Amino acid sequence: MADLVASESGLPAFDWGALLGGLLAVAKSLESGPESTNFQKWKSTGDALLAEREALRKKTEPEHDKETTSEAITSILSDNAMRD
């Protein structure tokens, strides 16, 4: 999701050292806790992307029928009674 891996090769799209250095900077910044400005900014950005992807997933996947078993049985019995 963060485009850190090259889709063609499956390998990191960036230098390993640069990725590790970036993660170390993030870890150091998070020492301030979830109240820090950086944490809140990163969380907001990540939450927005996750919500966007979830909305897209819901649009592209067929919605499952949410009818309960008892509702399905009632519907079948009702249909059969109307035929009789």
Side-chain angles (χ1 to χ4, degrees):
M1 287 192 322
D3 293 327
L4 296 177
V5 175
S7 58
E8 309 83 40
S9 66
L11 297 172
F14 303 96
D15 177 76
W16 284 100
L19 290 174
L20 178 58
L23 290 172
L24 289 170
V26 168
K28 181 72 175 164
S29 178
L30 292 177
E31 288 176 0
S32 303
E35 302 81 23
S36 74
T37 303
N38 280 341
F39 182 93
Q40 291 302 316
K41 182 173 67 173
W42 294 332
K43 178 171 174 32
S44 176
T45 301
D47 286 347
L49 178 58
L50 290 170
E52 180 181 311
R53 289 177 60 96
E54 179 64 12
L56 180 61
R57 183 191 64 77
K58 286 183 178 180
K59 283 183 184 177
T60 58
E61 288 183 4
E63 188 169 330
H64 297 285
D65 191 1
K66 295 180 181 169
E67 183 177 58
T68 65
T69 303
S70 61
E71 289 171 336
I73 292 170
T74 301
S75 177
I76 291 167
L77 292 174
S78 175
D79 288 346
N80 287 340
M82 288 174 32
R83 278 190 239 150
D84 290 340

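Predicted model, so just to flag it, every value in this text is computed and none were measured.
Rounding to the nearest 0.5 angstrom, the gap separating the CD atom in Glu31 from the CG atom in Asn38 is 12.5 Å. Atoms NZ and CG, from Lys28 and Leu30 in turn, are 11.5 Å apart once rounded to the nearest 0.5 Å.
By the side chain to side chain contact (heavy atoms under 4.5 Å, CB included) test, Val5 is found to be paired with no residue, residues two or more places apart in sequence or in another chain being considered. Partners of Phe14 by side chain to side chain contact (heavy atoms under 4.5 Å, CB included), not counting sequence neighbours, listed by chain and number: Leu4, Leu19.
For the pair Ser29 (side chain) and Ala25 (backbone), a donor-acceptor distance under 3.5 Å is absent. The backbone N or O of Gly33 sits less than 3.5 Å from a side-chain atom of Ser36, completing a donor-acceptor pair.
Shortest non-hydrogen contact noted between Phe39 and Pro34 is CD2-O, 3.2 Å.
Counted within 6.0 Å of CG on Asp47, heavy atoms from surrounding residues, nucleotides or ligands total more than 12; the atom is thus considered enclosed.
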